[in-house]
**Q** 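Quick one: the structure is below, questions incoming.
Labels below follow one simple rule: chain letters A, B, ... track the order of the sequence lines, proteins then strands, and each chain is numbered from 1. Because the structure is a prediction, the values reported are computed rather than measured.
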Amino acid sequence: MSKWKELARPNNLSILGLKETLEGGQTFSWCPTSTITWIGCFRSKVVELKFKDGMLFWKTPNSGTITEEEIKDYLWLDSEYDGAVDQLPWRSDHVLAKCVKALPGLTILNQPLDEVLFYFILSSAKSIPQIKEIGSLVCQKWGKSLGNNLWSFPGWSKLSKVSEDEFRKLKLGYRAKYIHNVAQVVGNDPYYFSTISQLSYIDAKSELIRLPGVGPKIADCALLFGATKTEAFPIDTWIAKVLDSHYGLESFTYSQKALFARKHFGLFCGLAQQFLFSGERLGLIKSK
DNA sequence: CATCAGGACACAG
DNA sequence: CTGTGTCCTGAT
């Protein structure tokens, strides 16, 4: 049994911020194992995290090859994060300020793009537990077991050999066709995702939207959570509600809201989105 | 038993 | 380019 290792953190982190980062809907690969510990995986590696006495600890259950640097990169635990938070307009925006204050250390994870795209295609009209469930069914069937009741994402190449009907049997519903068709496009292109990641936000988004089942919202989620494009501002029904009630955008169309968000929240608007999303989800900001 | 989700798409205006 | 009905499935 390996021992917990301390993960250096330059500033304050909170249990709620960490919890929301891991359970708040940007990743579906983590499970709480107690009130202060989580187990999850990324890039086919299993990691456990523990938050105690203001410090973050980590370990790998089955002597994995993961390094501290990889975990810090994944969790966005560096000084750039503090600068990003500081650049958000919390000084003049009381709604955002309330969320930022209540959720110290809430970050945007740096996840693998292929896996993020997969999960967010599944996310359409589904709740977080449902997305976890159907995603896990696919990983259990075509991914490899990582122990601890976790399975790796099989990869699009493997999924390209699976029929739409087999996905439907795993309760994907109309998303089965999307997954199957996307797999036909990207499954045999080993450079698809690395190419997307290198494009500008605008170019990457218009490229992703060409995929069946990928609209502006899912493309933004993929780019924000899977390609570190913090200019992405996913607008789902929750965020739309926040913009309506707290920013007076009831009469705005979808694209007008998107424009407003980028202008108001700035270069790191994706991070602002995550704060507002969690704040709304947790009832930290009361709706009118 | 009917309605509606953390969306996209096809089709109409 | 903006506004609706439909698509699977499960929760309410």
**Q** Is a side-chain N or O of Asp78(A) found less than 3.5 angstrom from the main chain of Tyr81(A), in a donor-acceptor match?
**A** yes

**Q** If I take atom CZ from residue Arg281(A) and atom CD from residue Glu23(A), how far apart are they, to the nearest 0.5 angstrom?
**A** 8.0 Å

**Q** I'd like to know if Tyr254(A) reaches the base of dG7(B) with its side chain such that a donor and an acceptor end up less than 3.5 angstrom apart.
**A** no

**Q** Rounded to the Å, how far apart are Lys171(A) NZ and dC7(C) C1'?
**A** 19 Å

**Q** Which nucleotide wins on minimum distance to the side chain of Tyr174(A), given the candidates dA11(C), dC8(C), dT2(C)?
**A** dC8(C)

**Q** Indicate, with a heavy-atom threshold strictly under 4.0 Å, whether Lys126(A) touches base, sugar-phosphate, or nothing.
**A** base

**Q** Output the rounded distance in Å from NZ (Lys257(A)) to C1' (dT2(C)).
**A** 13 Å

**Q** Using atom P of each nucleotide, how far apart are dC8(C) and dC11(B) to the nearest Å?
**A** 15 Å

**Q** Consider the side chain of Ile128(A), meaning its heavy atoms from C-beta on, and name the nucleotide among dG6(B), dT2(C), dG7(B) that approaches it most closely.
**A** dG6(B)

**Q** Measuring from Phe265(A):CZ to Leu271(A):CG, what's the distance to the nearest 0.5 Å?
**A** 11.0 Å

**Q** What base-paired stems does DNA chain B take part in, with at least 3 consecutive Watson-Crick or G-U wobble pairs and both distances under 3.5 Å?
**A** B:2-5 with C:9-12, B:7-13 with C:1-7

**Q** Whole Å only: how far is the CD1 atom of Ile134(A) from the P atom of dA5(B)?
**A** 18 Å

**Q** Need to verify one output field. Residue with the more 5' nearest nucleotide on DNA chain B, Pro212(A) or Gln273(A)?
**A** Gln273(A)

**Q** Rounded to whole Å, please give me the gap between CD1 in Ile209(A) and P in dG7(B).
**A** 15 Å

**Q** What is the distance, rounded to the nearest whole Å, between atom NZ of Lys241(A) and atom P of dA5(B)?
**A** 10 Å

**Q** The side chain of Pro216(A) is closest to which nucleotide in this list: dG10(C), dA8(B), dC8(C)?
**A** dA8(B)

**Q** Could you tell me whether the side chain of His180(A) and the main chain of Val162(A) form a donor-acceptor pair under 3.5 Å?
**A** yes

**Q** Has Arg91(A) got more than 12 heavy atoms of other residues, nucleotides or ligands less than 6.0 Å from its CZ?
**A** yes

**Q** Looking across every strand, which nucleic acid part, if any, lies under 4.0 Å from Phe120(A) by heavy atom: base, sugar-phosphate, or nothing?
**A** nothing

**Q** Just compare dA8(B), dG10(C), dC8(C) and give me whichever is closest to any side-chain atom of Lys217(A).
**A** dA8(B)

**Q** Measuring only the C1' atom in each nucleotide, how far is dT2(C) from dG6(B)? A whole number of Å is fine.
**A** 22 Å

**Q** Donor-acceptor pair, Thr228(A) side chain versus Asn110(A) backbone, under 3.5 Å?
**A** no

**Q** Measure from CD on Gln274(A) to C1' on dG6(B) and round the result to the nearest Å.
**A** 11 Å

**Q** What about Phe28(A) and Phe120(A), are their ring centers closer than 6.0 Å?
**A** yes

**Q** Nearest-Å distance, OH (Tyr119(A)) to C1' (dG7(B))?
**A** 19 Å

**Q** Of all the nucleotides listed (dG7(B), dA11(C), dT9(C)), which has the minimum atom distance to the side chain of Ile218(A)?
**A** dG7(B)

**Q** Counting any heavy atom closer than 4.0 Å, what does Leu211(A) reach on the DNA or RNA strands: base, sugar-phosphate only, or nothing?
**A** sugar-phosphate

**Q** Under 4.0 angstrom, heavy atoms only, what part of the nucleic acid is Gly25(A) near: base, sugar-phosphate, or nothing?
**A** base

**Q** Is any side-chain nitrogen or oxygen of Ser127(A) closer than 4.0 Å to OP1 or OP2 of dA11(C)?
**A** no

**Q** Is Lys50(A) atom NZ crowded by more than 12 heavy atoms from other residues, nucleotides or ligands, each under 6.0 Å away?
**A** yes

**Q** Roughly, in whole Å, what's the span from CG in Asp220(A) to C1' in dA8(B)?
**A** 14 Å

**Q** Would you say Arg168(A) reaches dC8(C)'s phosphate, i.e. side-chain N/O to OP1/OP2 under 4.0 Å?
**A** yes

